[in-house]
Every structure is written in structure tokens, then in C-alpha cells.
Amino acid sequence: MANPGDCCVKVALRIRPQMAKEKIEGCHVCTLVAPGEPQVLLGKDKAFTYDFVFDVDSEQQSIYQACVYKLIEGCFEGYNATVFAYGQTGSGKTYTMGTGFDVSLGQQEQGIIPRAVHQLFQGIQSSKVRAQEAGVQPPEFKVSAQFLELYNEEILDLFDGTRDPESRCRKSSIKIHEDAGGSIYTTGVTSRLVQSEEELLQCLKLGALSRTTASTQMNAQSSRSHAIFTIHLCQMRVCQQPQMNGGGEEMNGVDSTPIAQPEFETLMANRTLMIACVSPSDRDFMKTLNTLKYANRARNIKNKVVGEPRQDQPADQRPACRDSPTSDGADGV
Ligand SMILES: Nc1ncnc2c1ncn2[C@@H]1O[C@H](COP(=O)(O)OP(=O)(O)OP(=O)(O)O)[C@@H](O)[C@H]1O
């Protein structure tokens, strides 16, 4: 039984449509989603339940609305949000998360990252407009990004312009540390400060370009690596709202709205989202089964809510969720 302060990783399952090749080669669909339920049946008797299940015809927009939108909203309250995709090669992770190359795709096909970038900048704009309408000083935000790649157990900095192809094999200077509270952090990573949505998407695109790609039997565009795109949103100045204390101070990552405990718990509970991506074809049955089992285990990972957020606390001293370590995994974006 979970403690009141514990919250689980949310898990969404996404089944991609069959590819033309799979249809031509006579693969059968071996997944069945229960109507109106977040349940999937694999084969005849392997049933799994998740927080969300998206069948083959699900659209990018509906997935974003259902399980990512609120996470990004929470970032304006000072909380971290993590969304990651998991699954076998060619299962739709890159399609679901999106890359900077999505600009050539239609609006409807845009993945999670470009949508999140858009929502972040819209949120910034709305905060400024609200402040202006209220006759107070508009808040200032600092947005920066980092883009890392894990490849052959090595961490590469995708924003490191000095890294020429020959030096790829040399060890990068990035280090992973764990602080006394068990939080993981990195040093030696390039941070790009950006001013606009377009600039952030351009960073994503440039980083994605330098990703180490190698084709695999399954997926000609396969990345064969794990990529982590991190966006830091920092509110530099508190809105001077008459009903608030301490307005106008320079702070890092502060929010302007006190959060009630039930809302806080909801936010924390939604903090980490894993999107398990699978193929519907019977040829991939065993790999899909492994992903479904792993995704099921991930639902039991607890994030520890350490305390209650305080209005006057900088974001980096706020109650934080701590993820239990995950076990083995397949490809991720
Ligand atoms: N929901 C979807 N709708 C339409 N096409 C999709 C969908 N999901 C994936 N695809 C297509 O399937 C192919 C494989 O998807 P994708 O490249 O996203 O897989 P991946 O899991 O990222 O693979 P890898 O781990 O090898 O990088 C791509 O051509 C992609 O456009």
C-alpha cells in the first residue's frame, strides 16, 4: 500500500499503426484495446491495464492533451516534469516524442516536444499579458536547454559544437553525480539560452542532427541511442500582485500562486510519464510482451513527495519527487 506522500509514475501505452511493410508481409494485428478502458489484450489472454492506452488510430494532439498538457502547466508552478518514451526499435518513440525535424510534418503530426515547447512559450506570454492587464511588472523568464545522448554507455553533448566526428570516440567531460538527497545531476553539459519558441526548436533540430544514427534491420531511421532533451524554465521576477507577500524580489524558479495540498499531490502524482510504445503486429509479439510487462512494473515506481511547497521557497529547495531507480530498459527518447 502506498504512503500518502508517495506517487507513482504514470504509464501510457501507445500502439502504432501497422507499417506498409508489415501489411505486405502478412503480419496480423495481435493487440486489442478494450473500448473505453485503459486496457489492452495481447494475443488471446495477456491483459494489461495502464493509466492511458492509445490505440493505432490515436492522434498526437489527443495524446498530448490527455497526458502531457497538465505536466507542462505544472512547470509554471515550479515543478519538474519528465516524459519519456520506451519501446523496441521502430515502435514509434521518435514519432511520439517528436524531433526538430517535425517542422516538415503537418501540425497534426507534431510530437510531444515541439508541442511542449509551444505550450511553454505560450504560458510565458500569457503570464506577461496577465501582469500587464493587472498593472503590475511582467515576470521575466529565462529558458535554457540541454541535449544529451547516451550511446554505447557513453554520454555525448549534442550541443557541443566543438565535438568533431573524430573526437566522438573520446570520452566526454560530462559527469553524472548524485547529491546527498539522492537527486541525480550532471556537470559539464552545454546549456543553450533561448529567447523564443523558434530558437528552442532550432536547438532541438541541430541537436537531433548530430545524434548518432545507424540503421537497423527493423527501422532504417533508427537512432540506436537514448536522447534526453531538457528544458529549464526559470522565472526571474515575481509578479507584484497586491494580495501576495514578497512581490518584486529576484528569485529563481518561483511561482506566483500558492498551491493547495490536494492540487500539489495531483501535480506530483503526474510528474513522470512513461509512454510505452509498441507495434501491433504478431511478428513483434514477444518484444511487445516484454514492453508491456516492463511498463506494468514501471507503474509501481514511487516518487517520494518530501514536503509541501512554500510560497517563499526557491524552486530548487522545493519539495521534490525522487524517482526510484528503474531497472533494465529498451530504447528510449
Ligand atoms: N503513431 C504513428 N503513426 C504513424 N506512423 C508512425 C507512428 N508511430 C511510428 N510511426 C512510423 O513508424 C516508423 C518507426 O517509428 P519511430 O522511428 O518513431 O520508431 P522508434 O521507436 O523511435 O525507433 P528507434 O528506437 O529505432 O529509433 C517511422 O517511420 C514512423 O514515422
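Both counts, for ligands and for their atoms, begin at 1 and track the order of listing.
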For Arg14, counting its heavy atoms only, list the atoms of ligand 1 lying under 4.0 Å from any of them.
-> 1 (N)

How far apart are the closest heavy atoms of Gly111 and Pro114, and which atoms are they?
-> O-CD, 3.3 Å

Whether Ser91 lies under 4.0 Å from ligand 1, heavy atom = yes

At their closest point, which heavy atom of Phe121 faces which heavy atom of Leu200, and how far apart are they?
-> CE1-CD2, 3.7 Å

Nearest 0.5 Å please: distance from the CD atom of Gln60 over to the OH atom of Tyr95.
-> 4.5 Å

Euclidean distance, Arg16 CZ relative to Asp55 CG, rounded to 0.5 Å = 13.0 Å

Can you tell me if Gly90 has a non-hydrogen atom under 4.0 Å from ligand 1?
-> yes

Any nitrogen or oxygen of Thr96, main chain or side chain, under 3.5 Å from a nitrogen or oxygen of ligand 1?
-> no

Provide the number and element of each atom of ligand 1 under 4.0 Å from a heavy atom of Gln88.
-> 21 (O)

Using distance alone, determine whether Glu109 and ligand 1 share an N or O pair under 3.5 Å.
-> no

CD/Gln65: more than 12 non-hydrogen atoms of other groups inside 6.0 Å = yes

Could you check Ile15, Leu292, Leu41, Val53 and say which one makes a side chain to side chain contact (heavy atoms under 4.5 Å, CB included) with Thr31?
-> Ile15

If you compare Met97, Glu59, Lys93, Gln60 by their heavy atoms, the one closest to atom 21 (O) of ligand 1 turns out to be Lys93

Going by distance only, is there an N or O of Gly92 that falls short of 3.5 Å from an N or O of ligand 1?
-> yes

Could you tell me the separation between the CZ atom of Arg14 and the SG atom of Cys277, rounded to the nearest 0.5 Å?
-> 7.0 Å

Taking heavy atoms and a distance under 4.0 Å, where does Pro17 meet ligand 1: side chain, backbone, both or neither?
-> side chain

Are any of the N/O atoms in Tyr95 less than 3.5 Å from those in ligand 1?
-> yes

